[in-house]
Amino acid sequence: MFRSLRNYNYRLFAAGGVISNVGSWMQRTAQDWLVLSLTGGSGTALGITVALQFLPMVLFGLWGGMLADRYPKRRLLVVADSLMGLLALVLGLLTVTGTVQVWHVYLMAFLLGVIACVEVPTRQSFVVEMVGHDDLSNAIALNSSTFNLARVVGPALAGLAINWIGTGPIFIVNAVSFGAVITGLFLMRAAELHPAERVARAKGQLREGLRYVAKRPDLLLPILVVAFAAIFTQSVATAVALMATKVFDAGSSAFGLGSSALALGAVTGALLAARRVQLSRRFLLLGAVLFGVFQVLAGLAPGFVFFLLLLIPAGMALITVNTTANATVQHGSSPEMRGRVMGIYILVFTAGTPVGAPLVGWLSELAGPRVALVVIGLTSIVGVGLALLLTRLVAIRQGVAPPRPAQAARRALQTAVGGLSIRRWRPRGGDAAESGG
């Protein structure tokens, strides 16, 4: 389960990542609280802040992946993490001194999103340079588990810290946490890395990355599955809040329990994925279908306890999809294209966030939260079928469509008997006469 930690460089990377992820989730919680405090509880202002942080990834994420192919990834990560830490420090000082205004938060959120356009695909594609292909799936699964663990710990610590010391010091703590990542990057042993050959700057590299994915069914399938799943990833969190308050009348504390159940399932799913040496295409599709199935069952849950219990396997299925797709895409990409491919992967993963939440909100207003959860669960399952269909059409067009089962069996049998044509036996006249009929 933890075999990637044998690698010295990955141990440094993982340790820094744990500290930084907790700090980032603390800042995200404190940032939301700060916006609400500055605007008198305006939900619109909070939505604008979230949109500004995700919008750059949608607009510029592909260019960030291209930069990851052009420049040394470790150096790029040092620069990006240093800038992220600086933004957190500035916001912290503005808050501590009492001079912060809501437009400051908007600006910092947008700039953080711009830097993330480069940092996220670079960090994702740097993993294989640390651990190699053999331990790549395990390393990605461990990254997912630590990220989701931080998603539980970070907001909880932030809630306590806001009461004790306020929001400003939390931003400063997050700025300091980036020091763990940067220190780990500096301490890595360069001789043990497997750096990809850098791509020289040239025209059309962005289009080249898009064409590369469009012609590779093995890459297109996981990206399409993630695209459909990502639309409803955020909707699950929205649905938890609506189901807790409007269906089960369980109060605001129930939302925290629902989020914890999802995170618990995600951590468990990531650790189970880490035990597998290879994450197969079947594993990806099964996880995507089960994610939809458990959404449907959660929408039909008769009580709040059953609802919480169903969120755990839903979280496991979702993290299985993300982990398997990430590993499949990185395994299948050539080193000189990996940054651009991961830029596309991160783009489709992020772009679903602003779509899913409004969709489930609209469906809930129209027909109720139960119906909304059932509909998006069924749509998730249909999305898997559409991804398979689109990938099949691309494979046929490229002339690389896998044979159907009957054709595959016939070809295997032909090979086994020395290339003879396998067909139904029919006696010929001469042969029948010689054998006595």
Side-chain angles (χ1 to χ4, degrees), residues 1-4 124-125 127-128 131-148 213 216-233 236 262-297 310-333 338 341-342 344-346 348-349 352 377-392 394-395 400-405 408:
M1 185 180 292
F2 303 102
R3 59 185 179 275
S4 297
Q124 295 284 345
S125 56
V127 175
V128 70
V131 302
H133 280 278
D134 291 342
D135 290 335
L136 177 60
S137 300
N138 177 259
I140 291 173
L142 291 181
N143 287 345
S144 296
S145 63
T146 56
F147 177 82
N148 283 283
V213 171
R216 291 282 303 275
D218 58 322
L219 300 179
L220 191 60
L221 178 62
I223 288 176
L224 287 175
V225 170
V226 165
F228 284 113
I231 294 175
F232 304 108
T233 300
V236 174
L262 273 174
L264 175 61
V267 172
T268 305
L271 291 176
L272 290 175
R275 291 176 59 87
R276 298 178 64 91
V277 177
Q278 294 294 335
L279 300 176
S280 65
R281 176 174 176 266
R282 184 176 299 177
F283 208 56
L284 168 72
L285 298 176
L286 180 63
V289 171
L290 289 178
F291 175 58
V293 169
F294 284 117
Q295 284 186 100
V296 173
L297 294 176
L310 287 166
L311 290 179
I312 296 175
M316 292 175 63
L318 179 59
I319 206 65
T320 297
V321 173
N322 295 339
T323 302
T324 307
N326 192 321
T328 302
V329 167
Q330 293 211 51
H331 270 299
S333 304
R338 188 171 290 122
V341 173
M342 290 309 298
I344 296 171
Y345 174 87
I346 298 299
V348 301
F349 185 83
L378 293 174
T379 309
S380 300
I381 298 171
V382 172
V384 177
L386 290 175
L388 282 169
L389 177 61
L390 291 172
T391 306
R392 176 76 183 179
V394 170
V400 294
R404 298 189 183 280

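- Shown here are the side-chain hydrogen bond (donor to acceptor under 3.5 Å, both in side chains) partners of Asn326, two or more places apart in sequence or in another chain: Gln124, Gln330.
- Evaluation of the salt bridge (charged side-chain N to carboxylate O under 4.0 Å, His left out) test over residues 324-333, restricted to residues two or more places apart or in two chains, returns none.
- A search for side-chain contact (heavy atoms from CB on, under 4.5 Å) contacts involving Leu390 returns Leu224, not counting sequence neighbours.
- Closest non-hydrogen pair, Arg338 versus Ser333, comes out as NH2-O, 3.2 Å.
- For residues 217-230, the side-chain hydrogen bond (donor to acceptor under 3.5 Å, both in side chains) pairs, not counting sequence neighbours, are Arg216-Asp218.
- Rounding to the nearest 0.5 angstrom, the gap separating the CD1 atom in Ile223 from the CE atom in Met342 is 8.5 Å.
- Distance check: Thr324 OG1 to Leu284 CG gives 6.0 Å after rounding to the nearest 0.5 Å.
- Among all heavy-atom pairs drawn from Ala288 and Val384, the shortest one is CB-CG2, 3.4 Å.
- In this structure a side-chain-to-backbone donor-acceptor pair under 3.5 Å is present from Ser4 to Ala139.
- Scanning for side-chain hydrogen bond (donor to acceptor under 3.5 Å, both in side chains) contacts around Ser125 gives an empty result, with sequence neighbours left out.
- To the nearest 0.5 Å, the span separating OG1 on Thr320 from CG on Asn322 amounts to 9.0 Å.
- Note that CG of Leu311 and CG of Leu297 are 11.0 Å apart. Values are rounded to the nearest 0.5 Å.
- Annotation: side-chain contact (heavy atoms from CB on, under 4.5 Å) contacts of Leu290 (sequence neighbours excluded): Leu286, Phe294, Ala317.
- Of the inter-residue distances, the one linking Gln295 atom CD with Leu310 atom CG reads 11.5 Å to the nearest 0.5 angstrom.
- Residue Tyr345 forms a side chain to side chain contact (heavy atoms under 4.5 Å, CB included) with just one option from Thr328, Leu219, Val329, Val213, and that option is Val329.
- Between Val225 and Val321, the closest heavy-atom pair is CG1-CG1, 4.0 Å.
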